[in-house]
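The block underneath contains the structure these notes are about, expressed in C-alpha cells.
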Amino acid sequence: MRLATWNVNSVKARLPRLLTWLDEHEPDVVCLQETKCRADQFPAAEVEELGYTTAVRGDGRWNGVAILSRVGVEDVSTGFPGEPVYEGAAEEPQLELTEPVVLTPEARAIGATCGGVRVWSLYAPNGRTPDSAHYVYKLEWFAALREALATELASGAPLVACGDYNVAPTDDDVWDPAVFAHSTHVTPPERQALADLRAVGLHDVVPTPMKGPHPFTYWDYRAGAFHKNMGMRIDLFYASEDVAGRVRSAYVDREARKGKGPSDHAPVVVDLDPA
DNA sequence: ATGGCTAATCGCATTAGA
C-alpha cells in the first residue's frame, strides 16, 4: 500500500502536475493540503478518471485539505472535535452586517478510513510570528488535534496523521538554524506540540532524502532556495506503531519540486507492507 | 539545469505563505 502527503499550493494551479504525478507514482492514498478551493470546486472528476474517490474540505480561499484514495473512502470526518476557531478572522471587515458573524473552524483537517487505515490529512496553522495570535491558535490547534487522535488511537485501529505540520522537528530539519532563531516553526513550544503527539502513540516516519543529508520537504520559491537546498522538513508522516512497523520505504519526491510551475512543497511517499 | 516567488482575490494591489 502506497500513501503520500503533498502540500500542492492550489490544486487548481497544480492540477496538470498532480494528474501526471498520480499517473506516474500510482499511490493508493494521497493527502493534499493547501488545495485553496471550495469543496464543490474541487476537480474531483479529473482525479476520479484515474480511479480515485475523494474526501474534500475547503472553504474557498486559503487552506483546504483533501484525501484521494483508490482503496476506498469511508467514515469521512470533516475536521476533529475541539478544532479552535481563529479569532483574528473577526477583525476582517464585514461587508454585510445584517447577520451576526459566525466563525467556523478553518479547513485544516479531514479524516477518512482508506483500505483499513484511518488517514488524516492535516494542514497546521502557520503561526506567522511567535508573538502573534496566530501562534497561540497554532498551539491550540495542536492540543485539540492531540486529544482527537488519542481518542482514535485508543480504538487500536491503524492510523496515519500526515500533512503540513508547519513545524521543523529538529535543527537538522532546517537548512540554517540561525536564520530561524526568532521565527515560528522551530520554537520549543511548537516542537513540544509534536512531542506531545508522539507521546499519545504516533511515530515520525522520517523519509529518505533523494539528494543531500536532509529530508527537506519545503523550499521557498524565492532566491533559488531549492537550487541551493535551503529547505525545511515540515511535511510529516506520523503513524501509529503498527503502521510504522509496516513501513517498507519512505522518501521525499524532490523531482516533483523541479521544473516549471511546481508547488513549493515536495510529496512524501510511504510504502507499507501488507498488514 | 533544479534558478532568483506564487496564488487568489469583488484584482492592476493586497494578503498569506514559512
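In what follows, chains are A, B, ... by sequence order, proteins preceding strands, each numbered from 1. Here the structure is a predicted model, which means the values were calculated and not measured. All heavy atoms count here, side chains included; hydrogens, waters and symmetry mates do not.
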Whole-Å [atom1] distance, [N] and [M]:
N: B:dG4; M: B:dA8; atom1: C1'; result: 23 Å
N: B:dC10; M: B:dA16; atom1: P; result: 14 Å
N: B:dC5; M: B:dA1; atom1: P; result: 22 Å
N: B:dT6; M: B:dA18; atom1: P; result: 16 Å
N: B:dT15; M: B:dG11; atom1: P; result: 14 Å

Quiz prompt | Verdict with reasoning, A:K228 to A:W175, per side-chain contact (heavy atoms from CB on, under 4.5 Å) | solution = CA-CA 10 Å; A:K228 300 170 188 169; A:W175 60 276; over 6 Å; no
Under 4.0 Å between a side-chain N or O of [X] and OP1 or OP2 of [N]?
X: A:N9; N: B:dA7; value: no
X: A:R128; N: B:dG17; value: yes
X: A:S10; N: B:dA8; value: yes
X: A:N7; N: B:dA18; value: yes
X: A:Y123; N: B:dA18; value: yes

Shortest non-hydrogen contact from [X] to [Y]?
X: A:I67; Y: A:C114; answer: CG2-SG, 4.0 Å
X: A:E26; Y: A:Y52; answer: C-OH, 3.9 Å
X: A:P105; Y: A:V85; answer: N-CG2, 3.9 Å
X: A:V205; Y: A:A239; answer: CG2-CB, 4.1 Å

Quiz item: Going from OG1 on A:T113 to CG on A:D75, what distance comes out if it is rounded to the nearest 0.5 angstrom?
Solution: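 Here the rounded value is 4.5 Å.
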Using atom [atom1] of [X] as one end and atom [atom2] of [N] as the other, report the distance to the nearest whole Å.
X: A:R14; N: B:dA8; atom1: CZ; atom2: C1'; answer: 12 Å
X: A:H134; N: B:dA18; atom1: NE2; atom2: P; answer: 10 Å
X: A:D220; N: B:dA16; atom1: CG; atom2: C1'; answer: 12 Å
X: A:K138; N: B:dA16; atom1: NZ; atom2: P; answer: 16 Å
X: A:Y218; N: B:dA16; atom1: OH; atom2: P; answer: 16 Å
X: A:K36; N: B:dT15; atom1: NZ; atom2: C1'; answer: 10 Å
X: A:W219; N: B:dG4; atom1: CH2; atom2: C1'; answer: 17 Å
X: A:F180; N: B:dA18; atom1: CZ; atom2: P; answer: 12 Å

With a non-hydrogen cut-off below 4.0 angstrom, is [X] in contact with a base, only sugar-phosphate, or nothing?
X: A:E255; result: nothing
X: A:D164; result: sugar-phosphate
X: A:N126; result: base

Quiz prompt | Candidates B:dA8, B:dC5, B:dA16 - which lies nearest the side chain of A:R222 | solution =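 Nearest to the side chain of A:R222 among the choices is B:dC5.
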Exercise. Could you work out which one of B:dA16, B:dA8, B:dG17 sits closest to the side chain of A:A13?
Key: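 The answer is B:dA8, which lies nearest to the side chain.
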Quiz prompt | Pair A:W141 and A:Y165, ring centroids less than 6.0 Å apart | solution =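 Ring-ring flag for A:W141/A:Y165: false, centres at least 6.0 Å apart.
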Quiz item: Does one hydrophobic cluster hold both A:L145 and A:L236, with members joined at side-chain heavy-atom distances below 4.5 Å?
Solution: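 Shared cluster, yes.
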Strictly under 3.5 Å: I want the nitrogen or oxygen pairs between protein and nucleotides 1-3 of chain B, one per line.
from, atom 1, to, atom 2, distance (Å)
B:dT2, O4, A:K211, NZ, 2.6

Exercise. Indicate yes or no: does A:R191 engage A:D171 in a salt bridge with an N to O separation below 4.0 Å.
Key: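 Salt bridge between A:R191 and A:D171, a charged N being under 4.0 Å from a carboxylate O: yes.
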Quiz prompt | A:D28 with A:R70: basic N within carboxylate O range, under 4.0 Å | solution =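 The answer is yes: the pair qualifies as a salt bridge.
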Quiz prompt | 5' priority, DNA chain B, between A:A124 and A:A223 [closest heavy atom] | solution =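 First, find each residue's nearest nucleotide; the 5'-ward one identifies A:A223.
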Exercise. By nearest nucleotide on DNA chain B, pick out whichever of A:D264 and A:G261 is the more 5' one.
Key: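 Nearer the 5' end of the strand: A:G261.
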Self-check item: Residues which pass ring-ring contact (aromatic ring centres under 6.0 Å, His included) with A:W120, listed by chain and number, not counting sequence neighbours
Solution: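 Result, ring-ring contact (aromatic ring centres under 6.0 Å, His included) vs A:W120: none returned.
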Identify the pairs formed between an N or O of the protein and an N or O of nucleotides 11-14 of chain B at a distance under 3.5 Å, and give each distance.
none

